[in-house]
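Just so it is clear, the values below take in all heavy atoms, side chains as well, and ignore hydrogens, waters and symmetry mates.
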Amino acid sequence: REAKIASMGLSFKPNIDDLRESPALYIAKRLTNELAENVICVEPNISSGKLKIDDVELEIVGKEAFENNSQFSTLNSQFSIWISGTNGKTTTTQMVYHLLKNHNIDIGGNIGIPLANLNPKANFWVIETSSFQLYYTKIAKPNIFIILPLKEDHTSWHGSFKEYVKAKLSPLTRMTERDIVIMPKNFNTNTSAFKILYENEQDLIDYFGFETKEFEVPFLLNELLAKA
């Protein structure tokens with residue numbers, strides 16, 4: 001079976017259904033011209049179905065799909081560790097996987113493996129998450145959420161650093177008192193989850209009582225968060 005290619009996001013700006021002058025339309029049209037039925041376009045602000053742009057008909061997965069809670073039932077029933085931040089997400093995700101790979105876990109998300117391809121029989125999933133993925137995620141939540149430092153990034157898409165941070169921290173609003181978040185102290189946010197706050201590597205060393213380390217800065221923070 002041939003793989004599907006998803007063109008994620010068609011609107012000109014977040015939270016609107018205005019497709020006029022959107023650069024994403026050009027990409028979606030070119031992909032569809034070359035690959036036809038192997039391309040789907042995902043845009044949660046418009047309706048699902050067919051959308052004709054000039055002489056090209058796009059297949060749209062729209063807002064109806066995002067309103068269907070059943071699509072996220074597998075993710076919410078699976079114990080999961082989510083890892084996010086501006087820099088170091090992939091490194092930390094890979095370190096967590098390396099430490100736990102002998103305990104029947106699976107790894108995916110922004111690291112390059114779609115959630116649909118993860119093993120549902122794994123004990124738990126380790127998922128790298130981007131600000132774009134978190135922006136569109138409205139139902140699923142992690143059991144453990146590891147947040148690396150947040151810096152100015154992707155503001156042209158999100159509109160501002162404040163909106164970027166809002167997307168990054170959005171899972172906190174859905175987490176419960178049975179969940180855990182490890183996050184930078186300067187982004188301390190209200191949540192029902194148990195919070196472990198840090199300003200630097202030493203805070204994590206002191207909190208968890210780590211006595212040995214394999215790496216130095218800049219990879220020390222990744223190591224400590226993975227071990228945590």
Side-chain angles (χ1 to χ4, degrees), residues 72 74-137 140-154 164-165 167-172 174-176 178-189 191 193-228:
F72 299 92
T74 299
L75 182 53
N76 268 344
S77 64
Q78 190 80 28
F79 190 96
S80 61
I81 300 172
W82 294 13
I83 297 164
S84 202
T86 301
N87 298 314
K89 300 186 296 294
T90 300
T91 300
T92 305
T93 302
Q94 291 174 327
M95 285 184 175
V96 172
Y97 178 75
H98 175 74
L99 291 170
L100 299 174
K101 62 184 178 181
N102 294 326
H103 297 276
N104 186 28
I105 74 168
D106 210 350
I107 182 175
N110 196 57
I111 202 169
I113 303 171
L115 297 183
N117 291 352
L118 295 184
N119 180 9
K121 296 183 179 180
N123 288 335
F124 52 91
W125 293 346
V126 180
I127 300 172
E128 179 187 337
T129 58
S130 71
S131 62
F132 308 116
Q133 293 166 327
L134 295 177
Y135 174 84
Y136 286 118
T137 301
K141 70 170 184 64
N143 299 97
I144 299 175
F145 192 20
I146 298 174
I147 307 174
L148 286 95
L150 301 178
K151 300 178 181 179
E152 196 98 4
D153 200 16
H154 301 308
Y164 168 74
V165 171
K168 283 288 193 181
L169 302 183
S170 60
L172 295 174
R174 302 185 294 277
M175 296 176 73
T176 72
R178 300 179 65 181
D179 302 322
I180 298 172
V181 58
I182 306 174
M183 64 185 299
K185 187 178 293 184
N186 59 322
F187 291 104
N188 187 9
T189 303
T191 178
F194 180 79
K195 288 186 288 189
I196 300 172
L197 305 176
Y198 70 92
E199 287 186 356
N200 49 45
E201 291 87 349
Q202 192 60 48
D203 285 346
L204 294 169
I205 291 172
D206 293 341
Y207 185 92
F208 291 101
F210 294 131
E211 296 181 353
T212 61
K213 59 182 180 180
E214 301 295 328
F215 297 93
E216 300 294 336
V217 176
F219 298 111
L220 178 57
L221 180 61
N222 307 106
E223 175 190 350
L224 297 173
L225 289 171
K227 286 180 175 178

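The minimum heavy-atom distance between Ile180 and Met175, with the atom names listed, is O-CE, 3.4 Å. What you find for Ala226 and Met95 is that their closest heavy atoms are CB-CB, 3.6 Å. Among all heavy-atom pairs drawn from Ser80 and Pro142, the shortest one is OG-CA, 3.7 Å. Contact record, Pro149 with Pro184: CA-CG, 3.9 Å, taken as the closest heavy-atom pair. Ser131 and His154 get closest at one heavy-atom pair: OG-CD2, 3.8 Å.
A ring pair (Phe, Tyr, Trp, His ring centres under 6.0 Å) check over residues 87-111, counting only residues at least two apart or in different chains, returns nothing. Each salt bridge (Lys or Arg N to Asp or Glu O under 4.0 Å) pair with one or both residues in residues 93-122, not counting sequence neighbours, would appear here, but there are none.
Note that CD1 of Ile83 is 9.5 Å distant from OG1 of Thr90, once rounded to the nearest 0.5 Å. Atom CD1 of residue Ile182 and atom CD1 of residue Ile144 lie 7.5 Å apart, to the nearest 0.5 angstrom. Atom CG in Leu225 sits 13.5 Å away from atom NZ in Lys89 (nearest 0.5 Å). Rounded to the nearest 0.5 angstrom, Asn110 CG and Thr93 OG1 are separated by 8.5 Å. Here the CZ-CG distance, from Phe187 to Leu150, works out to 4.5 Å after rounding to the nearest 0.5 Å.
Applying the ring pair (Phe, Tyr, Trp, His ring centres under 6.0 Å) rule to Tyr135 yields the partners Trp157; only residues at least two apart in sequence or on another chain are considered. In this view, Asn104 and Asn119, Ala122, Asn123 satisfy the side chain to side chain contact (heavy atoms under 4.5 Å, CB included) rule, not counting sequence neighbours. For Ser130, the side chain to side chain donor-acceptor pair (under 3.5 Å) criterion is met by Gln133, not counting sequence neighbours. Listed by chain and number, the residues in a side chain to side chain donor-acceptor pair (under 3.5 Å) with Asp179 are Lys141, Thr176 (sequence neighbours excluded). Take Glu223 and apply the side chain to side chain donor-acceptor pair (under 3.5 Å) test, not counting sequence neighbours, and it matches Lys227. The side chain to side chain donor-acceptor pair (under 3.5 Å) test applied to Thr86 returns Tyr164, not counting sequence neighbours.
With contacts defined as side-chain heavy-atom distances shorter than 4.5 Å, the pair Thr137/Ser170 does not qualify. Contact annotation: the side chain of Leu148 never approaches that of Asn87 to less than 4.5 Å [non-hydrogen atoms, C-beta and beyond]. Using a 4.5 Å heavy-atom cutoff, the side chains of Met183 and Phe145 are not in contact.
Heavy-atom neighbours of Lys151 NZ from other residues, nucleotides or ligands within 6.0 Å: at or below the threshold of 12.
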Does the pair Phe124 and Asn143 meet the rule for a side-chain contact (heavy atoms from CB on, under 4.5 Å), with working shown? CA-CA 10 Å; Phe124 52 91; Asn143 299 97; over 6 Å; no

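Of the N and O atoms on the side chains of Ser84 and Trp82, not one donor lies less than 3.5 Å from an acceptor on the other residue.
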Using residues 193-200 as the side-chain source, report each donor-acceptor pair under 3.5 Å to any protein atom, sequence neighbours left out, with the distance given to one decimal.
unit_1, atom_1, unit_2, atom_2, d
Lys195, NZ, Asn188, OD1, 2.7
Lys195, NZ, Thr189, O, 3.1
Tyr198, OH, Ile147, O, 2.8
Asn200, OD1, Gln202, N, 3.2
Asn200, OD1, Asp203, N, 3.1

Kindly list each side-chain donor-acceptor pair under 3.5 angstrom involving residues 214-222, sequence neighbours excluded, with atom names and distances?
unit_1, atom_1, unit_2, atom_2, d
Glu216, OE1, Lys213, NZ, 3.4
Asn222, ND2, Gly88, O, 3.3
Asn222, ND2, Thr92, OG1, 2.9

